Amino acid sequence: MPKKPDKNQFHKFKKYSLFATTKINNMLNIVLFGPPGAGKGTQSAKLIDKYSLVHLSTGDIFRANIKNQTELGNLAKSFIDKGQLVPDQVTISMLESEVNKYPQAAGFIFDGFPRTQAQAQALDTLLVSKQTGINLMLALEVEEEELRKRLLIRGKDSGRADDQDPAVIQKRIDVYNAETSPVKDYYQQQGKYRGINGIGEIETIFGLLCAEIDKA
Ligand code: ADP
């Protein structure tokens with residue numbers, strides 16, 4: 001009988017492979033990944049504190065622009081209200097100008113970006129131009145039923161319009177599954193993907209994330 005592949009084999013290999021996740025040009029750059037409602041915002045806040053990183057949340061930046069009624073905000077709103085992604089070109093150029101605001105950063109937590117393969121490639125190109133790169137993608141794994149529950153609760157607490165309509169929530173989950181989830185493969189191929197159980201106490205999940213960063 002052929003031996004079943006050991007699930008951990010790839011991880012063991014990665015640890016000693018060329019894809020070592022030490023700081024790149026003295027920066028620690030992390031993609032915090034996961035479906036809407038996975039807890040990326042909550043964990044980002046704790047991670048930036050502990051590791052002195054800059055938090056770049058594309059969702060937060062869009063919402064700030066919507067609040068200030070900028071041209072970018074008005075454009076983004078038309079997509080966000082429907083649960084669709086803001087077009088890549090718009091999102092990528094916004095993200096690039098945000099990164100350029102922090103030339104002295106010790107590193108970044110990218111929260112909600114990249115959400116498409118094109119965004120992942122653009123991020124790599126940008127970071128390479130700064131002689132750095134992504135160290136790790138940490139992915140919070142939470143099943144759909146739990147996401148729906150969390151988002152509706154968040155909608156009540158925060159007043160966020162896109163969290164109040166079950167049809168918009170479902171659309172975002174569907175877009176995640178179709179367009180965003182494949183971005184995992186991009187990082188997996190580079191040996192940078194780490195899946196983390198996103199259900200449990202906030203502190204427990206934070207501990208799991210930190211353990212991956214500290215191992216890297
Ligand atoms: P959540 O993770 O709960 O969906 P976010 O705050 O990350 O919330 O994003 C809110 C909305 O902003 C998304 O549904 C999407 O319309 C838009 N958005 C955020 N980041 C991106 C991105 N990287 N590419 C395209 N659209 C984005």
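From a predicted model like this one, the values you see are computed outputs, not experimental measurements. Counting starts at 1 for both ligands and their atoms, following the listed order.
The parts of Leu85 lying near ligand 1 are both backbone and side chain, judged by heavy-atom distances below 4.0 Å. By the criterion of a heavy-atom distance under 4.0 Å, neither the backbone nor the side chain of Met94 is placed next to ligand 1. The part of Gln84 lying near ligand 1 is the backbone, judged by heavy-atom distances below 4.0 Å. Residue Lys77 does not touch ligand 1, judged by heavy-atom distances below 4.0 Å.
Summary of contacts: the protein heavy atom closest to atom 24 (N) of ligand 1 is Gln119 NE2, 2.9 Å. When only non-hydrogen protein atoms are considered, atom 19 (C) of ligand 1 lies nearest to Arg115 NH1, 3.3 Å. What sits closest to atom 3 (O) of ligand 1 on the protein, heavy atoms only, is Arg154 NH2, 2.6 Å. In terms of protein heavy atoms, atom 26 (N) of ligand 1 is closest to Val86 N, 3.0 Å. For atom 27 (C) of ligand 1, the nearest protein heavy atom (residue, atom name, distance) is Phe62 CE1, 3.7 Å. Shortest contact from atom 8 (O) of ligand 1 to any protein heavy atom: Arg160 NH2, 3.1 Å.
Residue contact annotation: Phe79 has no non-hydrogen atom under 4.0 Å from ligand 1. Residue contact check for ligand 1: Lys82 places no non-hydrogen atom closer than 4.0 Å to it.
For the pair Asp165 (side chain) and Ala167 (backbone), a donor-acceptor distance under 3.5 Å is present. At distances below 3.5 Å, at least one donor-acceptor pair connects side-chain atoms of Asn29 with backbone N or O atoms of Gly133.
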Item to complete: Would you please test Asn197 and Glu141 for side-chain hydrogen bond (donor to acceptor under 3.5 Å, both in side chains) and show each step?
Response: CA-CA 5 Å; Asn197 178 10; Glu141 294 167 345; over 6 Å; no
Item to complete: Give the C-alpha distance, both sets of side-chain angles, the deciding distance and a yes or no for side-chain contact (heavy atoms from CB on, under 4.5 Å) between Leu140 and Leu209.
Response: CA-CA 9 Å; Leu140 293 169; Leu209 293 169; 4.2 Å; yes
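Between Phe33 and Tyr176, the ring-plane angle classifies as tilted under the 30° and 60° cut-offs.
Contact of the Arg154 side chain with the Arg160 side chain is registered, since non-hydrogen atoms from C-beta on lie closer than 4.5 Å.
When only interatomic distances are considered, the shortest N/O to N/O separation between Arg63 and ligand 1 falls below 3.5 Å.
Contact between Ile169 and Asp163 at its shortest, heavy atoms only, is CD1-O, 3.5 Å. Scanning all heavy atoms of the two residues, the minimum distance from Lys192 to Ile134 falls at NZ-O, 2.9 Å.
Linking ILVMFWY residues whenever their side-chain heavy atoms come closer than 4.5 Å, directly or via other members, places Val183 and Tyr193 in the same cluster.
When Asp60, Ile80, Leu95 are ranked by how near their heavy atoms come to atom 12 (O) of ligand 1, first place goes to Ile80.
The ligand atoms of ligand 1 that sit less than 4.0 angstrom from a heavy atom of Lys40 are 2 (O). Counting the atoms of ligand 1 from 1 in the order shown, those under 4.0 Å from a heavy atom of Thr58 are 19 (C), 20 (N), 21 (C), 23 (N). Each of the atoms 22 (C), 23 (N), 24 (N), 25 (C) of ligand 1 lies under 4.0 Å from some heavy atom of Thr91.
For the side-chain contact (heavy atoms from CB on, under 4.5 Å) test, residues two or more places apart in sequence or in another chain that qualify with Asp81 are Lys77. Listed by chain and residue number, Gln170 satisfy the side-chain contact (heavy atoms from CB on, under 4.5 Å) test with Asp174 (two or more places apart in sequence, or in another chain).
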